[in-house]
Amino acid sequence: MLDAKAIKKDFPALNQQVHGKDLVYLDSAASAQKPQAVIDAIVEVYRKDYSNVHRGVHTLSERATRHFEAARETISRFIGAQDSREIIFVRGTTEAINLVAHSYGRHCIKKDDEIIISEMEHHSNIIPWQLLCEQTGAILRIIPVTNSGDLDETAFKKLCSSRTKLLAITHVSNAIGTINPIKALIAEAHRHNIPVLIDGAQGIMHQRVDVQDLDCDFYAFSGHKLYGPTGIGVLYGKTKWLEAMPPYQGGGEMINQVSFEKTTYANIPHKFEAGTPDIASVAGLSAACNYIQQVGFEAIHQHENALLHYATEALMTVPELRIIGNPTERAPLLSFTVEHIHAHDLGTILDHAGVAIRTGHHCAMPLMKRYGLAATARASLAIYNTQHDIDVLVEGLHKARGIFKR
Amino acid sequence: MNDYQHSDSFDNLFELYQEVIIDHSQHPHHFGALPQATHHAEGVNPLCGDTLTLYLKIENAVIRDAAFQGHGCAISTASASLLTDSIIGKSIDEAKRLFEAFHQLITSEKETAADNMLGKLIILAGVKNYPARVKCATLAWHTLQAALRQDAQPVTTEA
């Protein structure tokens, strides 16, 4: 079993007070805090090994390049990719999805083709496809969500056809926590020869992701939700797709030969990495992967599930509190409303109890509309959270009800 | 009463969530549509998804009646409620000056002479200590400006 109290000590930012109260950080689904190991890895790059990568022949550049590519290997193993060339460094999940929409989308998607997404997507897995549809005349199809917060799989099967050119679906709902049965969805899509992109922003940190076992065509995730730095994320893509896709951005590092008549492009992954990458953040992300592997996904899963169970029971003791959705499988996050108290008022009041939660529409407006909600409060759990954190949250919710005299 | 009001770090909170504000949020004045409205506008806060529609009945450059609909937090609902109370009977020019004074009140540190004209709007002064919540308090006021301009497009707090 994981020792969350010991783990908490690895995260310097968690050791502080807010409004005179010990910080209780329940907003990791928005962005997770960073362990000292990640902070050190970033500092080390700038202190010792810093230079541009894939450029110079001098010692520092070679060292920086070696570390950079070693990080790619680490991250490749972390998600079980067959080949580290299938790891493309991007700024985050949003850029990864936009890369696929631009490159795969413009290459393979034409007028009247169909793209399937779901009603529970984050805006970053909706808007890139809407833009692509506007440009190409393709059609967006939406898998509905059931009352419990699961995908309507029957409806999904009916949407799959020979016109479908992509399924882009979230691994875990950021707004209500649903864990989608992505392996089954991928298998079903593949029966119709539909490639699948998984938005892994909320999935990557809670369970071991094995892209080969899932057989997904693309998997996108961000470093900062995985206890790593901001500004870095990964697009995993199967070699066959990445090789067939045209470049996303033009610039340095992505070329083979350049002349004004004809430019030939570098091989993958560099074809998709124009310009100087975020070298220090790549080192930070690699350190985050190592840190998580040391903790172990089995222990993480066990800890977070137990805590989710505890939190669910505890929240249900608060009068007039409603947890949104009751999906078959839930990641450790709970979206809820308290009757007569707007989520933002809850957020401000809880902040005074030292508790950080997310409030609002969670960049998932269609899903909010599905449930007839404008905003919810969301408490998301991570490896460093404890039962005590939940107790403080619940106490804060009682205080909020006290202020509103309910 | 409850025990929580005596806890130290919550004291500041009561500057924000004053009795009157809670009261206005739970029982907003002039809440509903205004069939005789001559002006109306929609306001949205894209950060939180709050929406508000403000209706005005203007005759001879005087706001004869006002009402609002929508959903929002306690601060935005109370602010809209207080706004309707404050502008009914005012000329358009007076309403615009009130907007300026109110904006000063919740965004600037120093007190100004204009604070005198604010009346009970002054109870929203505590919002200035909560930068993330200033937009909740100003949504109704931006919507008022849009209604006076007769904007067809919804006004947003992020403009």
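Note that these values count all heavy atoms, side chains included, but never hydrogens, waters or copies made by symmetry. First the proteins, then the strands, lettered A, B, ... as listed; each starts at 1.
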Quiz item: Taking it one step at a time, do B:Leu13 and A:His19 satisfy side-chain contact (heavy atoms from CB on, under 4.5 Å)?
Solution: CA-CA 10 Å; B:Leu13 207 47; A:His19 296 293; over 6 Å; no
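- Residue pairs meeting the salt bridge (Lys or Arg N to Asp or Glu O under 4.0 Å) criterion with at least one member in residues 343-368 of chain A, sequence neighbours excluded, are A:Asp345-B:Arg133.
- For residues 69-81 of chain B, a heavy-atom distance under 4.5 Å to chain A picks out B:His71, B:Gly72, B:Cys73, B:Ala74, B:Ile75, given by residue number.
- For B:Thr51, no part sits under 4.5 Å from any heavy atom of chain A, backbone or side chain.
- Residue A:Met365 touches chain B through its side chain alone, counting heavy-atom pairs closer than 4.5 Å.
- Heavy-atom pairs under 4.5 Å with chain B peak, among A:Gly354, A:Ala343, A:Ala374, at A:Ala374.
- The contact between A:Thr348 and chain B is made by backbone and side chain atoms together, counting heavy-atom distances below 4.5 Å.
- For the pair A:His352 and B:Tyr130, the tightest heavy-atom approach, listed with the atom from each and the gap, is NE2-OH, 3.2 Å.
- With hydrogens and angles ignored, the 3.5 Å screen pairs no side-chain donor or acceptor of B:Gln26 with any backbone N or O of A:His340.
- Contact tally against chain A (heavy-atom pairs below 4.5 Å) for B:Leu16, B:Asn45, B:Ile22: the top residue is B:Ile22.
- Within 6.0 Å of atom NZ in A:Lys369, 12 or fewer heavy atoms from other residues, nucleotides or ligands are found, so the atom counts as exposed in its surroundings.
- Around atom NE2 of B:His40, no more than 12 heavy atoms belonging to other residues, nucleotides or ligands sit under 6.0 Å away.
- Note that NZ of B:Lys135 and NE2 of A:His344 are 11.0 Å apart. Values are rounded to the nearest 0.5 Å.
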